[in-house]
Amino acid sequence: MDSAEFHAAVYETVRLIPAQKVTSYGHIAKLIGMPNHSRHVGQALKFLDPAADPPVPWYRVVSSSGAISSRGPGTNGARIQGDALTAEGVEVTVTPSGERKVDFSAFGWFPAPGTI
DNA sequence: CCCTTGACGAGCA
DNA sequence: CTGCTCGCCAAGG
């Protein structure tokens with residue numbers, strides 16, 4: 001599997017995430033058969049064209065702890081993602097330190113590989 | 001070819 | 001809860 005196929009597989013899988021559900025980078029990696037490439041799932045989403053057609057609901061992908069990565073101070077990516085999820089009806093908790101988190105027990109989507 | 005970076009994950013103190 | 005270590009691997013300098 002080359003880089004282009006990897007990206008395609010990631011986008012394809014992310015589109016399968018139901019509305020009002022979230023999953024993790026690591027689980028996306030498992031679903032496409034590359035459990036050790038969680039970092040590259042993030043890369044694929046990072047390179048994604050926001051105007052892709054059909055759209056890719058990248059905002060439904062968070063870290064394994066349920067937290068939304070900050071992307072560093074000065075960037076508003078985390079806030080955008082949190083807002084997008086909130087707008088869809090997903091409960092996003094904001095910790096005192098400003099961290100946004102999602103409750104997997106209520107909104108998690110983790111199908112076993114091969115069952116989708 | 002070596003070194004550093006990451007929208008990551010799991011384990012441990 | 002926070003912080004640190006190690007494993008992972010493609011990309012870019």
Side-chain angles (χ1 to χ4, degrees):
Chain A
M1 177 181 285
D2 62 26
S3 177
E5 291 177 309
F6 178 80
H7 281 202
V10 170
Y11 301 155
E12 196 177 330
T13 304
V14 172
R15 288 196 190 98
L16 299 176
I17 305 173
Q20 297 171 5
K21 291 291 179 181
V22 297
T23 192
S24 69
Y25 299 97
H27 198 73
I28 295 292
K30 289 178 184 174
L31 291 177
I32 64 178
M34 303 185 88
N36 304 347
H37 292 56
S38 53
R39 305 179 101 115
H40 305 290
V41 172
Q43 284 294 335
L45 296 182
K46 172 182 172 183
F47 294 137
L48 173 62
D49 177 2
D53 182 51
V56 178
W58 58 271
Y59 48 82
R60 293 182 190 141
V61 185
V62 299
S63 68
S64 65
S65 63
I68 298 175
S69 306
S70 69
R71 281 93 149 173
T75 58
N76 58 357
R79 186 182 62 74
I80 298 295
Q81 182 168 359
D83 288 350
L85 290 173
T86 301
E88 278 209 339
V90 175
E91 184 180 342
V92 178
T93 302
V94 181
T95 68
S97 58
E99 193 78 23
R100 290 174 171 72
K101 300 190 70 174
V102 178
D103 181 6
F104 280 157
S105 66
F107 302 100
W109 183 75
F110 299 97
T115 64
I116 50 179

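Throughout, protein chains are lettered first and strands after them, A, B, ... in sequence-line order, and every chain is numbered starting at 1.
The side chain to side chain donor-acceptor pair (under 3.5 Å) check on Thr13(A) picks up nothing, with sequence neighbours excluded.
For the pair Leu45(A) CG and dA7(B) P, the interatomic distance rounds to 11 Å; values are reported in whole Å. Atom P of nucleotide dT5(B) and atom NZ of Lys46(A) are separated by 13 Å, given to the nearest angstrom. Distance Leu85(A) CG to dA7(B) P: 18 Å, rounded to the nearest Å. In this structure, CZ of Phe6(A) is placed 13 Å from C1' of dG6(B), rounded to the nearest angstrom. Atom NE2 of His37(A) and atom P of dG6(B) are 19 Å apart (whole Å). As a whole-Å value, the separation of Phe110(A) CZ from dC8(B) C1' is 13 Å. Between the CH2 atom of Trp58(A) and the P atom of dC8(B) there is a distance of 13 Å, rounded to whole Å. If you take OH of Tyr11(A) and P of dA7(B), they are 14 Å apart, rounded to a whole angstrom.
If Ser65(A) and Gln43(A) are placed on DNA chain B by their nearest nucleotide, the residue sitting closer to the 5' end is Gln43(A). Both Ser38(A) and Phe47(A) sit near DNA chain C, but only Ser38(A) has its closest nucleotide nearer the 5' end.
In this structure the side chain of Ser64(A) never reaches within 4.5 angstrom of the side chain of Phe104(A), judged on heavy atoms. Counting heavy atoms from C-beta outward, Pro55(A) and Asp53(A) have side chains that approach closer than 4.5 Å.
Distance check, rounded to the nearest 0.5 Å: CZ of Arg71(A) to CD of Gln81(A) gives 5.0 Å.
When heavy atoms are screened at a 4.0 angstrom cut-off, Ser70(A) is found touching no nucleic acid atom at all. As judged by a 4.0 angstrom heavy-atom cut-off over every strand, His40(A) is placed among the base-contacting residues.
In this structure, Glu5(A) contributes its side chain and Asp2(A) its backbone to a donor-acceptor pair below 3.5 Å. Distance alone, capped at 3.5 Å, places no donor-acceptor pair between the Arg100(A) side chain and the Gly82(A) backbone.
Boundaries of the chain A contact region on DNA chain C are dG7(C) to dA11(C), first to last in 5' to 3' order (nucleotide atom under 4.0 Å from a heavy atom).
Close to dG9(B), at under 4.0 Å from its OP1 or OP2, lies a side-chain N or O of Ser64(A).
Tested against Leu31(A), the residues Thr23(A), Ile116(A), Thr115(A) include a single side chain to side chain contact (heavy atoms under 4.5 Å, CB included) partner, Ile116(A).
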